[in-house]
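This chain uses plain numbering: 1 for the first residue, then up along the sequence. Small disclaimer: the values here were computed from a predicted structure and weren't measured. All heavy atoms count here, side chains included; hydrogens, waters and symmetry mates do not.
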Amino acid sequence: MNQNDLYKIVAQMMESGKGILAADESDGTAGKRLEMVHLPNEIEHRRAFRELLFTAPGIEEYLSGVILYDSTIRGETKGGVPFADVLAARGIIPGIKVDTGTVPLEGFDGEVVTEGLDGLADRFKEYYTLGARFAKWRAVITIDGDTLPSDECLEINAIMLARYAALAQAAGIVPMVEPEVIFAGNHSLQRAEEVTTRALQILFTKLRMYRVDFKGLILKTSMVLAGDMYKTPSTPEEVADSTLRTLRLGVPHDVGGIVFLSGGQAPKRATENLHAIAKMGKQPWPISSSFSRALEEPVLTAWQGKDGNIEKAQQALLYRTKMNSLAQQGKYNASEDKG
Ligand code: 13P
């Protein structure tokens with residue numbers, strides 16, 4: 001592994017004013033997105049949606065990377081150009097989701113562990129030749145009252161993340177390490193803060209133990225906010241406060257960068273929260289976004305699977321990525337955001 005190459009990729013990914021599109025839904029999850037606009041989960045609909053996203057004019061100004069799924073990195077435009085090449089030609093770095101999803105954690109009711117380590121070193125070699133320069137692994141952490149998550153769940157997921165991250169770096173690929181604390185639930189902001197802090201502290205202990213180079217790593221994390229069923233939603237100022245307190249306690253200063261997932265927040269709310277975080281001033285790490293639903297939902301709504309709507313849908317993507325770019329720089333004005 002050449003560490004400088006990893007650092008260069010991290011610097012490109014974290015360029016100011018840019019975010020990372022997470023278009024790495026598995027074929028099954030892509031079907032759920034298509035269902036929102038009443039489209040059947042057919043390969044051609046999935047392909048057409050990805051082509052629309054990756055060829056949208058102007059997005060290279062606001063996106064530094066796109067995360068792909070296995071079938072997407074092997075996919076191509078109608079004209080036969082591989083998606084990874086389309087992105088790379090525009091200066092957008094292709095990434096790949098490498099975990100294979102979650103399975104129940106036996107003995108721990110309601111908790112899951114993420115799998116995907118088998119054969120991963122060889123898979124990284126292939127993904128590198130297909131153009132991937134960073135790779136995501138998502139662990140899922142659920143809050144339930146005072147009992148979940150268990151420390152055992154946090155620990156086993158952190159070990160899996162550490163193992164994948166070490167293998168990624170050995171292959172010249174930047175790990176985007178994602179311990180997602182799930183937004184769904186009736187937990188308070190304080191509880192989300194406590195859990196996210198603990199999850200990050202355990203994660204970075206394991207990453208250090210397994211000799212992962214923090215400078216060559218990007219953390220993808222949840223914003224800290226009260227659950228979607230909690231009696232009062234957190235304000236952007238509260239989210240910014242809790243999130244930054246958590247990051248300061250949980251994330252070593254030499255980590256290459258931090259990006260947020262949107263987690264099911266409404267697109268505009270995710271942007272407002274990103275802006276509130278940016279307004280808190282300079283932090284030890286570059287901070288940006290890596291949204292999936294908060295970028296794709298407005299695009300799907302505009303598209304509806306119709307060729308005649310492609311331009312409108314691409315403009316919706318450009319608009320949302322621009323709003324997030326302004327927010328990332330602390331220059332966003334919510335009252336001017338047309339949603
Ligand atoms: P959301 O922005 O929809 O939460 O997705 C981001 C992601 O990559 C989840 O793994």
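Residues satisfying the side-chain contact (heavy atoms from CB on, under 4.5 Å) test with Ala135, not counting sequence neighbours, are Ile96, Val98, Phe124, Tyr164, Ile173. Shown here are the side-chain contact (heavy atoms from CB on, under 4.5 Å) partners of Leu244, two or more places apart in sequence or in another chain: Leu247, Arg248, Ile277, Met280, Gln283, Ile287. Evaluation of the side chain to side chain donor-acceptor pair (under 3.5 Å) rule for Thr114 yields no partner, not counting sequence neighbours. Remark: Asp144 pairs with Leu148 by the side-chain contact (heavy atoms from CB on, under 4.5 Å) rule, at least two apart or across chains. Applying the side chain to side chain donor-acceptor pair (under 3.5 Å) test to Asp27 and every residue at least two apart in sequence or in another chain returns Ser71. Under the side chain to side chain donor-acceptor pair (under 3.5 Å) criterion, Arg163 pairs with no residue, sequence neighbours left out. For Glu178, the salt bridge (Lys or Arg N to Asp or Glu O under 4.0 Å) partners two or more places apart in sequence, or in a different chain, are Lys136. For Glu194, the salt bridge (Lys or Arg N to Asp or Glu O under 4.0 Å) test picks out Arg191, with sequence neighbours left out. The salt bridge (Lys or Arg N to Asp or Glu O under 4.0 Å) check on Arg133 picks up nothing, with sequence neighbours excluded. With sequence neighbours left out, the side chain to side chain donor-acceptor pair (under 3.5 Å) criterion links Glu51 to Arg47.
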May I have the list of side-chain donor-acceptor pairs in residues 58-68 shorter than 3.5 Å, sequence neighbours left out?
| unit_1 | atom_1 | unit_2 | atom_2 | d |
| --- | --- | --- | --- | --- |
| Glu60 | OE1 | Arg90 | NE | 3.4 |
| Glu60 | OE1 | Arg90 | NH2 | 2.6 |
| Ser64 | OG | Met13 | O | 2.6 |

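Listed by first and then second residue, the side-chain hydrogen bond (donor to acceptor under 3.5 Å, both in side chains) pairs involving residues 255-270 are Gln265-Asn273 (not counting sequence neighbours).
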